[in-house]
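See structure below.
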Number of protein chains: 2
Amino acid sequence: MEEQPHPYVPRDLKLPDYVPVLLPQSTILSVYGISSLVVVSLVWILSGRLSKTAKIDRILMCWWAFTGLTHVILEGYFAFSPEFYKEKTPFYLAEVWKEYSKGDSRYAARDAGIVSVEGLTAVLEGPASLLAVYAIATKKSYSYILQFAISLGQLYGTAVYFITAFLEGDNFAASPYYYYAYYIAANASWVVIPSIISIRCWKKICAAFEAQGQKKTKTR
Amino acid sequence: MEEQPHPYVPRDLKLPDYVPVLLPQSTILSVYGISSLVVVSLVWILSGRLSKTAKIDRILMCWWAFTGLTHVILEGYFAFSPEFYKEKTPFYLAEVWKEYSKGDSRYAARDAGIVSVEGLTAVLEGPASLLAVYAIATKKSYSYILQFAISLGQLYGTAVYFITAFLEGDNFAASPYYYYAYYIAANASWVVIPSIISIRCWKKICAAFEAQGQKKTKTR
């Protein structure tokens with residue numbers, strides 16, 4: 001079988017019938033950037049009409065809408081499209097993963113750890129993130145525990161993602177540029193933001209139990 | 001390099017300097033069983049001396065002590081002992097993993113997904129489980145959210161564990177006996193129990209917020 005040349009590292013990775021990225025990097029990134037901006041703006045504007053919704057909750061709704069759609073659409077496509085790198089048309093979702101694989105070739109190589117984490121993220125955390133938008137908007141009692149659960153899942157997934165790469169030699173990026181821009185920077189948000197959210201939810205939940213405890217002490 | 005014969009599947013797995021299991025299966029299992037029984041009995045007896053501690057909380061303390069010590073000692077040894085299968089003495093912890101690898105050879109093969117999940121379990125969930133024993137005993141306000149966090153971590157880890165095996169062909173057991181006894185049955189507790197605990201914690205946390213909401217409504 002004749003091997004197609006591909007831009008990924010390690011160079012000996014076999015990707016029969018590989019079709020190179022067709023869209024320019026600027027297009028791929030700006031479509032994601034602009035769509036995300038549209039989603040965030042829409043959620044920000046619509047959430048402004050809700051009565052008594054704090055700014056922090058509106059910001060969280062924007063985050064959950066953005067991360068939920070990223071999980072469901074982008075990561076959902078990846079999880080269930082083992083042959084995305086063979087895509088002959090400039091289909092946007094395939095282009096995203098062909099491009100991202102320059103930062104982490106395990107995506108093109110269909111590494112089982114990556115597919116597991118992306119599958120769980122797409123199927124469980126994606127819809128749960130969208131549910132979080134609704135839960136915050138309607139002030140459900142499960143709002144904090146839901147946000148905590150998703151954030152913890154994101155953190156666990158990211159931990160498995162980075163630790164497996166480290167254990168396997170951390171040699172999956174086509175260049176230091178792609179390593180830092182895609183592998184490190186693009187994932188950093190999913191370390192920092194879920195950490196902040198889970199700490200906040202932890203505190204809110206503890207406070208709810210403390211309030212309950214005080215109430216019980218008073219009624220004794 | 002001459003390959004030592006090993007009992008694991010796939011048969012072409014390379015394990016240079018492999019030393020066969022030295023202790024009988026009955027010894028390996030009964031040491032784990034009896035130690036666990038001692039831990040659970042001790043926690044049950046000691047927790048009986050705590051004032052106003054419900055039976056369900058005492059059972060949970062037994063579980064967290066058992067699972068915490070399993071994570072820290074057994075899984076902690078595995079995570080940081082890449083050469084356990086070369087162990088020449090009948091060192092118990094090495095024997096456990098030589099034996100368990102008959103149900104899942106990815107342990108002996110040092111699969112990156114397995115090592116990542118076991119490492120996270122040993123380093124984060126293990127000590128956190130022992131903290132949960134203390135949190136329940138002292139009725140800390142973070143007791144439920146801590147138990148929820150650990151259970152979710154256990155469920156995520158088990159999900160990655162089973163999904164990666166499935167994606168890689170599910171052919172890591174030496175025989176159907178080892179597949180069902182070790183791979184399926186031994187892991188089932190870490191699916192069933194964390195599921196029950198996380199549902200319980202979710203409900204308790206929602207109830208705390210509902211109580212808080214009612215209080216706020218009343219004081220309005």
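Quick note on labels: first sequence line is chain A, next is B, and so on, each numbered from 1.
- With chain A as the partner, the residue from B/Ala207, B/Ala165, B/Ala149, B/Ala159 showing the most heavy-atom pairs under 4.5 Å is B/Ala149.
- Proximity to chain A is absent for every atom of B/Leu155, based on heavy atoms less than 4.5 angstrom apart.
- When the side-chain hydrogen bond (donor to acceptor under 3.5 Å, both in side chains) test is applied to B/Tyr177, the partners found at least two apart in sequence or on another chain are B/Gln25.
- The environment of NZ in A/Lys203 is sparse: at most 12 heavy-atom neighbours from other residues, nucleotides or ligands sit within 6.0 Å.
- Of the residues B/Tyr144, B/Phe209, B/Phe148, the one that meets the ring-ring contact (aromatic ring centres under 6.0 Å, His included) test with A/Tyr144 is B/Phe209.
- Contact of B/Leu120 with chain A is made through the side chain alone, with heavy-atom distances under 4.5 Å.
- The minimum heavy-atom distance linking A/Tyr156 with B/Gly153 is given by the pair CE1-O, 3.5 Å.
- Of the atoms belonging to B/Leu152, it is side-chain heavy atoms, and not backbone ones, that fall under 4.5 Å from chain A.
- The two residues B/Ser141 and A/Glu210 come nearest to each other via the heavy atoms OG-OE2, 2.9 Å.
- Listed by sequence position, A/Ala112, A/Gly113, A/Val115, A/Ser116, A/Val117 are the residues of residues 102-119 of chain A in contact with chain B, using a 4.5 angstrom heavy-atom cutoff.
- Rounding to the nearest 0.5 angstrom, the gap separating the SG atom in B/Cys206 from the CG atom in A/Leu146 is 9.0 Å.
- Environment of CZ in B/Arg11: crowded, with over 12 heavy atoms of neighbouring residues, nucleotides or ligands closer than 6.0 Å.
- Proximity to chain B (any heavy atom under 4.5 Å) is shown, for A/Ile145, by both the backbone and the side chain.
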